[in-house]
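For reference, the structure is listed below as structure tokens.
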Amino acid sequence: MTAKIRLILADDHQIVLDGLELLLAQKYEVVARVTNGSALFDEVQKHRPEVVVSDVRMPEEDGLSAARRILAVLPKTRVVLVTMDDDPAIASAAIKAGAHGYVLKSEASRELFTAIETVVSGETYISPALSSARPDPAKAPDPKIPANLTERQVEVLRQLGQGLTMKEVAAKIHISPRTVAFHKYRIMEQLGVQTNAELIRYALSLGDDDEKN
């Protein structure tokens with residue numbers, strides 16, 4: 001008899017954890033449930049599951065940050081992020097950061113089994129509704145833009161460089177202020193800048209390059 005794939009579930013809402021376990025325990029073995037990224041990292045080291053199913057936004061440490069730490073020490077673990085964020089740019093950033101799957105919570109009951117089987121087989125799964133998050137191999141990268149930034153992150157960075165507040169950026173590019181904040185945090189982390197002033201200086205340097213070309 002084939003052993004069941006072992007999972008660890010992470011979400012800061014108890015009702016979501018209950019629902020995920022009820023759904024996934026039909027086929028897989030749920031070895032632990034946690035409510036924050038720090039606990040997730042600890043439990044993964046303890047149980048060494050084949051797959052982690054985690055929310056992106058959690059207290060203490062978010063799912064994406066926890067995923068990076070997990071994969072640094074246990075690279076064979078597969079990470080599937082389940083989230084309400086339907087921004088393709090965030091999905092793209094998650095995959096670039098090492099996540100193997102990205103599933104919308106609204107589609108979880110229909111897609112999670114497929115996502116888990118896909119990542120276990122060594123492939124990447126992204127909810128079909130977010131197909132634009134998949135890299136386009138035909139599109140040449142802009143040499144002025146760091147390769148680790150997504151198109152949406154660059155868009156947010158440019159708007160912040162124009163002096164707009166996060167609320168104003170959100171209104172201009174039609175995303176939520178919370179999503180802008182998420183992008184800003186990731187941009188600073190990926191660029192290695194520590195302050196808003198450093199971030200704005202970098203954004204302005206991109207604008208200067210554009211004017212010269």
Side-chain angles (χ1 to χ4, degrees), residues 5-13 16-17 20 30-105 108 112 115-116 118-127 130 133-135 141 145-154 156-157 178-195 198-199 202:
I5 293 171
R6 296 173 308 120
L7 311 179
I8 288 181
L9 309 179
D11 197 288
D12 59 333
H13 293 94
V16 175
L17 275 178
L20 287 174
V30 177
V31 296
R33 302 169 15 152
V34 298
T35 57
N36 64 73
S38 296
L40 174 60
F41 181 72
D42 293 341
E43 289 299 308
V44 168
Q45 290 191 96
K46 177 180 177 182
H47 293 283
R48 295 177 176 263
E50 285 76 34
V51 180
V52 168
V53 177
S54 173
D55 191 7
V56 174
R57 303 184 189 279
M58 293 187 293
E60 295 189 29
E61 182 177 15
D62 64 55
L64 196 50
S65 175
R68 281 197 293 266
R69 288 211 293 149
I70 289 166
L71 295 171
V73 297
L74 295 170
K76 292 184 179 180
T77 303
R78 307 290 92 177
V79 178
V80 177
L81 297 175
V82 184
T83 177
M84 291 179 7
D85 284 313
D86 59 358
D87 185 340
I90 295 180
S92 179
I95 299 302
K96 285 183 178 180
H100 306 94
Y102 193 95
V103 177
L104 295 176
K105 282 187 176 179
L112 261 180
I116 290 170
T118 298
V119 302
V120 168
S121 73
E123 299 179 17
T124 298
Y125 183 92
I126 299 176
S127 285
L130 298 171
R134 299 180 184 279
I145 305 300
N148 61 344
L149 296 185
T150 66
E151 290 183 18
R152 179 52 62 86
Q153 286 174 334
V154 173
V156 168
L157 180 58
R178 185 178 180 186
T179 299
V180 173
F182 179 86
H183 282 310
K184 180 182 175 184
Y185 170 80
R186 290 296 170 204
I187 292 166
M188 294 179 72
E189 184 179 51
Q190 288 164 221
L191 295 179
V193 301
Q194 304 295 321
T195 67
E198 290 178 293
L199 183 67
Y202 189 92

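To the nearest 0.5 Å, atoms CG (Leu74) and NE2 (His47) are separated by 12.5 Å. Between the CE atom in Met84 and the CZ atom in Arg178 there is a gap of 7.0 Å [rounded to 0.5 Å]. In this structure, Ile116 CD1 and Glu50 CD are separated by 11.0 Å, a value rounded to the nearest 0.5 Å. From Asp86, atom CG reaches atom OH of Tyr102 across 8.0 Å, with rounding to the nearest 0.5 Å. Atom CD in Glu189 sits 14.0 Å away from atom NZ in Lys184 (nearest 0.5 Å). Distance check: Arg57 CZ to Leu64 CG gives 10.5 Å after rounding to the nearest 0.5 Å.
Partners of Arg69 under the salt bridge (Lys or Arg N to Asp or Glu O under 4.0 Å) rule, at least two apart in sequence or in another chain, are Glu61. Here Thr179 pairs with Ser176 under the side chain to side chain donor-acceptor pair (under 3.5 Å) rule; sequence neighbours left out. For Lys105, the salt bridge (Lys or Arg N to Asp or Glu O under 4.0 Å) partners at least two apart in sequence or on another chain are Asp11, Asp55.
Between the Glu60 side chain and the Gly37 main chain, no donor and acceptor come within less than 3.5 Å of each other. In this structure, Glu43 contributes its side chain and Ala39 its backbone to no donor-acceptor pair below 3.5 Å. Using modelled atom types, one side-chain atom of Ser127 and one backbone atom of Leu104 make a donor-acceptor pair closer than 3.5 Å. Using a distance-only test at 3.5 Å, with no hydrogens or angles considered, no donor-acceptor pair links the side chain of Arg48 to the main chain of Lys46.
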Criterion side chain to side chain contact (heavy atoms under 4.5 Å, CB included) on Val103 and Val53, from CA distance to verdict: CA-CA 10 Å; Val103 177; Val53 177; over 6 Å; no
Stepwise side chain to side chain contact (heavy atoms under 4.5 Å, CB included) test for Thr118 and Thr124: CA-CA 7 Å; Thr118 298; Thr124 298; over 6 Å; no
Side chain to side chain contact (heavy atoms under 4.5 Å, CB included) between Tyr202 and Leu157, worked out: CA-CA 9 Å; Tyr202 189 92; Leu157 180 58; 3.8 Å; yes
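Of all heavy-atom pairs between Gly101 and Ile95, the closest is N-CD1, 4.2 Å. The minimum heavy-atom distance between Leu40 and Ser54, with the atom names listed, is CD2-OG, 3.8 Å. Across all their heavy atoms, Val44 and Pro49 have their closest contact at O-CD, 3.7 Å.
Considering only heavy atoms from C-beta on, Arg186 comes within 4.5 Å of Asp62 through its side chain.
Here the options are Thr77, Val120, Val79, the test is side chain to side chain contact (heavy atoms under 4.5 Å, CB included), and the partner is His100; only Val79 passes. Considering Asp12, Val30, Val34, Leu9 as possible partners of Leu17, the one that fulfils the side chain to side chain contact (heavy atoms under 4.5 Å, CB included) test is Leu9.
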